[in-house]
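Reviewing the structure listed below.
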Amino acid sequence: MEKQFLDYMLVPVGLLFMVAYHLWLLHRILKHPLHTVIGINSMNRQFWVRAMMEDPSKNGVLAVQTLRNNIMASTLLASTAIMLSSLIAVLVNGRSKGSYIGFHIYGDKSELCMSIKFFSILVCFMVAFLFNVQSIRYYSHASILINVPYDRLEYSSRHCVTAEYVGRTVNRGSYFWSLGLRAFYFSFPLFLWIFGPIPMFLCCVFLVCMLYFLDGSSDFGWVAPSDVEAQQTA
């Protein structure tokens with residue numbers, strides 16, 4: 001009973017720690033974007049799209065190649081996620097046939113708990129796959145839209161593709177890529193949960209501390225305040 005109590009105590013606390021950090025990060029991105037790497041990169045992608053669309057005949061190849069590199073990165077993560085999902089399914093099937101080799105686990109060793117562990121990892125990888133597929137979708141749309149000569153069209157302005165719209169599309173692709181990467185991050189402590197709740201909890205604490213330094217940014221003086229204010233008022 002004491003070993004099972006560790007699973008009931010440390011696992012929810014570790015997951016709550018991870019979720020609370022990402023809720024705090026979301027608040028920082030919405031309220032203080034210049035203090036986060038995600039917010040700064042989002043603004044600079046808007047500037048980059050506007051610069052690429054000013055002269056599509058000159059910058060079109062560069063823009064498409066850059067977006068293609070992002071598509072390749074999302075494709076790699078999506079392929080890795082679906083491959084790991086298949087591997088987890090094979091491991092679960094092997095356990096059902098009695099070929100599973102047990103570990104020395106200080107915690108709950110019941111069949112129900114082991115099934116929950118593998119199912120949680122499988123969900124993380126499937127969510128990562130879906131997020132990266134959506135990232136590929138938005139990047140593919142942006143690779144076409146970014147070469148539209150919106151300032152040369154003879155139609156009404158309401159029918160033209162604007163740089164702001166294309167920038168939002170590129171940012172959405174990047175956001176889904178980041179969410180897919182976060183799903184991989186969540187799979188690390190869940191994988192260590194197979195070896196017990198203590199490694200899982202320590203991994204959650206380590207990940208939060210590491211992400212705190214990776215997601216935050218105090219060196220944002222190179223972002224022009226006038227450009228940021230113009231973007232917010234647009």
Side-chain angles (χ1 to χ4, degrees), residues 1 3-26 38 70-140 172-212 214-215:
M1 184 63 184
K3 294 182 179 180
Q4 294 179 354
F5 178 76
L6 288 177
D7 285 273
Y8 301 149
M9 184 66 181
L10 294 181
V11 174
V13 171
L15 293 178
L16 183 62
F17 195 35
M18 292 274 291
V19 172
Y21 167 76
H22 283 89
L23 291 176
W24 172 83
L25 178 62
L26 178 62
I38 295 177
N70 291 329
I71 292 175
M72 292 176 62
S74 299
T75 303
L76 176 62
L77 290 182
S79 302
T80 303
I82 200 66
M83 180 186 65
L84 292 176
S85 299
S86 303
L87 180 60
I88 294 298
V90 171
L91 290 177
V92 173
N93 189 37
R95 287 185 64 249
S96 63
K97 294 181 179 180
S99 60
Y100 173 72
I101 300 177
F103 297 98
H104 181 69
I105 304 172
Y106 190 80
D108 193 353
K109 301 180 182 179
S110 64
E111 286 291 326
L112 177 61
C113 185
M114 294 301 298
S115 299
I116 293 175
K117 293 176 182 178
F118 283 106
F119 179 75
S120 301
I121 302 172
L122 181 62
V123 168
C124 279
F125 290 145
M126 292 303 297
V127 170
F129 172 76
L130 293 176
F131 280 146
N132 282 283
V133 168
Q134 288 298 315
S135 176
I136 296 171
R137 170 176 172 255
Y138 279 108
Y139 281 139
S140 299
R172 286 171 184 169
S174 179
Y175 293 153
F176 276 109
W177 185 84
S178 297
L179 290 174
L181 196 60
R182 301 284 162 164
F184 275 102
Y185 290 158
F186 267 89
S187 68
F188 290 141
L190 293 176
F191 175 77
L192 290 180
W193 188 20
I194 298 177
F195 303 96
I198 297 177
M200 183 268 184
F201 178 75
L202 295 177
C203 183
C204 289
V205 175
F206 172 76
L207 277 178
V208 169
C209 294
M210 181 187 69
L211 292 175
Y212 176 79
L214 294 178
D215 293 329

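Numbers here simply count residues along the sequence, with the first being 1. All values below come from the heavy atoms of this structure, side chains included, with hydrogens, waters and symmetry mates left out. Fair warning: this is a prediction, and the values are worked out from it, not measured in the lab.
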Working for side chain to side chain contact (heavy atoms under 4.5 Å, CB included), residues Val90 and Ser86: CA-CA 6 Å; Val90 171; Ser86 303; 5.6 Å; no
Ser135 side-chain N/O to Phe131 backbone N/O, donor-acceptor pair under 3.5 Å: no
Heavy-atom closest contact (Pro189 atom, Cys204 atom, distance): CB-SG, 3.5 Å
Any heavy-atom pair between the side chains of Thr80 and Asn132 that's under 4.5 Å? no
Show, in sequence, the C-alpha distance, side-chain angles and deciding distance for Val11 and Met200, and conclude whether the side chain to side chain contact (heavy atoms under 4.5 Å, CB included) test is met. CA-CA 7 Å; Val11 174; Met200 183 268 184; 3.9 Å; yes
Closest heavy-atom pair, Pro199 versus Leu192, reported as atoms and distance to 0.1 Å, is O-CD1, 3.9 Å
Determine the minimum heavy-atom distance between Ala128 and Gly180, stating which atoms define it. CB-O, 3.6 Å
If you take the centroid of each ring, where Trp contributes its six-membered ring, are Tyr138 and Trp177 closer together than 6.0 Å? no
To the nearest 0.5 Å, what is the distance between NZ on Lys117 and CZ on Phe195? 9.5 Å
Quick one, Leu179 and Val127 - any side-chain contact, counting heavy atoms below 4.5 Å? no
ring-ring contact (aromatic ring centres under 6.0 Å, His included) with Phe129: which residues, sequence neighbours excluded? none
Could you state the interatomic distance from CG (Leu214) to CG (Leu207), rounded to the nearest 0.5 Å? 10.0 Å
Side chain proximity check, Trp193 to Cys113, heavy atoms < 4.5 angstrom: yes
Which distance, rounded to the nearest 0.5 Å, do you find between the OH of Tyr185 and the CZ of Arg182? 6.0 Å
Heavy-atom pair with the smallest gap, counting every atom of Ile88 and Phe118: CG2-O, 3.6 Å
Given Ile116, Val123, Leu122, the one that forms side-chain contact (heavy atoms from CB on, under 4.5 Å) with Ser120: Ile116
Test side chain to side chain contact (heavy atoms under 4.5 Å, CB included) on Tyr139 and Phe176; report intermediate values, then the result. CA-CA 10 Å; Tyr139 281 139; Phe176 276 109; over 6 Å; no
Where do His22 and Met18 come nearest, in terms of heavy atoms and distance? ND1-O, 2.9 Å
For a 4.5 angstrom cut-off between non-hydrogen side-chain atoms, does Leu84 reach Phe191? no
Distance-minimising heavy-atom pair for Ile82 and Met126: CD1-SD, 4.3 Å
